[in-house]
Amino acid sequence: MIRRHRLADTDNHRLAHLCGPLDAHLRQVEEALAVRIGRRGPEFRIEGPREAVQRTIDLLDRLHELAARPLDDEQLRLALVETASAGARPARTAPAATAAAASPADAGAELEGTPADASVVLHTRHASLTGRTPNQVQYLRQMLSHDITFGIGPAGTGKTFLAVACAVDALERQGVQRIVLTRPAVEAGERLGFLPGDLAQKVDPYLRPLYDALYDLMGFDRVGRAFEKGQIEIAPLAFMRGRTLNHAFVILDEAQNTTREQMKMFLTRMGFRSKCVVTGDVSQIDLPKGLGSGLIEARQILADVRGIAFTDFTAADVVRHPLVARIVEAYERMRPAP
């Protein structure tokens, strides 16, 4: 079908920001939503399937509202991701629930007073975050309503970032007393040899992605103070053995690089009024040959255990550069059948 759509506001600066240099933003919209867009001034001619045309109109109106300043690639990409998944996203029938709707004590139960199709908003120092795809929304709700949550899927789907955001939100609301972040110190297909410095300096490169997420969500100064007070701890997985973590939000990142023994050890560290989130990408396993991934095995063993939830992400959930989703899809097509 073909529809014509005229913007309510004909401000030329907004129109230029919306369309991008040489209409580059419109070309990205065309590719993402499988439509054709023609433009004459503030009037657009949109051709394609009926549903895609309507979603394109809604997207153009939304981008136009944001176009008081030039739109950057990240804004456009996130808007495209949300629009592409709009058909699968549950309708919002009530105001968004905040992370305060559930605390570690509520684990295993539905969020009290929150309808199952409501979105979740996490409040951090720098931003309020919501899930941008149906899987991300499900992931957030599962982290709030379950003691242990697994997020499994390709790079760029927000597994680690959303888990850290949920932990920061819980810490800010005093739902937990500390955040514990860990990951196995496994090299990604390289042998780095001897690393100089003390123990903290040796393991720091492996934990850098967790620091980056914290800095984005809390700011450098706030993170530094939280480390000084013992509210945040980042450590290699090997340091978890023998501990019991009470009143904590515990995140295991890069879990595909755990062995069976390491995964079992980690999951049994959980104490009272604590939450545990495990994230990983089973397509990027860096373990030595012959060692099975503890994440793959845990997915099979714990699938039916009450109180544990799993979210499986796909390329459709990627919120990085558009090429990342295409790269993930290309590798998925080439993956041999199990």
Side-chain angles (χ1 to χ4, degrees), residues 28-35 49 51-52 55 59 73-92 116-117 119-120 122 129-146 148-166 183 188 209 213 251-258 277-286 293-304 308-338:
Q28 289 190 52
V29 172
E30 285 182 326
E31 183 176 357
L33 299 182
V35 296
E51 182 180 351
R55 285 157 64 186
L59 175 62
D73 288 341
E74 183 177 359
Q75 283 180 299
L76 181 60
R77 173 59 183 165
L78 292 177
L80 288 171
V81 168
E82 290 184 337
T83 300
S85 62
R89 185 190 299 275
R92 296 184 182 182
D117 56 1
S119 185
V120 175
L122 298 178
L129 302 174
T130 60
R132 297 183 180 275
T133 69
N135 281 334
Q136 287 188 352
V137 172
Q138 173 186 303
Y139 183 50
L140 288 174
R141 292 188 61 83
Q142 288 179 339
M143 284 190 287
L144 294 177
S145 61
H146 290 76
I148 298 178
T149 304
F150 285 78
I152 304 173
T157 51
K159 305 181 301 294
T160 301
F161 190 81
L162 289 176
V164 175
C166 204
R183 60 187 291 176
I251 300 173
L252 170 59
D253 191 32
E254 298 291 341
Q256 75 275 6
N257 289 327
T258 62
V277 179
V278 179
T279 68
D281 176 3
V282 295
S283 70
Q284 299 191 50
I285 298 174
D286 302 310
S293 170
L295 179 59
I296 293 177
E297 187 177 65
R299 182 70 173 86
Q300 300 166 348
I301 294 174
L302 305 176
D304 299 322
I308 299 179
F310 291 86
T311 297
D312 295 300
F313 294 94
T314 68
D317 300 300
V318 172
V319 291
R320 291 183 184 168
H321 190 284
L323 273 177
V324 175
R326 297 175 203 159
I327 291 169
V328 170
E329 290 171 347
Y331 273 93
E332 285 293 326
R333 288 194 297 269
M334 292 297 294
R335 180 184 293 183

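Shown here for N257 and D286, the closest heavy-atom pair between the two residues is OD1-N, 2.6 Å. The heavy-atom pair separating P49 from A34 by the smallest distance is CD-O, 3.8 Å. Shown here for A255 and S293, the closest heavy-atom pair between the two residues is O-OG, 4.3 Å. Between L295 and T258, the shortest heavy-atom contact is N-OG1, 3.8 Å. For A213 against F161, the heavy-atom pair with the smallest separation is CB-CD1, 4.1 Å. In terms of heavy-atom proximity, T149 sits nearest to Q142 at OG1-O, 3.2 Å.
To the nearest 0.5 Å, atom SG of residue C166 and atom CG of residue L144 are 4.5 Å apart. Of the inter-residue distances, the one linking T157 atom OG1 with R132 atom CZ reads 14.0 Å to the nearest 0.5 angstrom.
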**Prompt:** Can you check side-chain contact (heavy atoms from CB on, under 4.5 Å) on T279 and Y139, steps first, answer last?
**Reply:** CA-CA 11 Å; T279 68; Y139 183 50; 3.3 Å; yes
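Remark: the backbone N or O of P154 is paired with a side-chain donor or acceptor of K159 at under 3.5 angstrom. In this structure, Q256 contributes its side chain and D281 its backbone to a donor-acceptor pair below 3.5 Å. When atom types are taken as modelled, the side chain of T311 and the backbone of N135 share no donor-acceptor pair closer than 3.5 angstrom. Remark: side-chain polar atoms of T133 are not paired, donor with acceptor, to backbone N or O of D317 under 3.5 angstrom.
Relative orientation of the F150 and F310 rings is parallel, given thresholds of 30° and 60° on the angle between their planes.
Contact annotation: the side chain of I296 approaches that of I285 to within less than 4.5 Å [non-hydrogen atoms, C-beta and beyond]. Taking 4.5 Å as the limit, some side-chain heavy atom of D312 sits within range of a side-chain heavy atom of R299. The shortest distance between side-chain heavy atoms of P209 and E254 does not fall below 4.5 Å.
Between the side chains of Q136 and Q138, not a single donor N or O lies within less than 3.5 Å of an accepting N or O.
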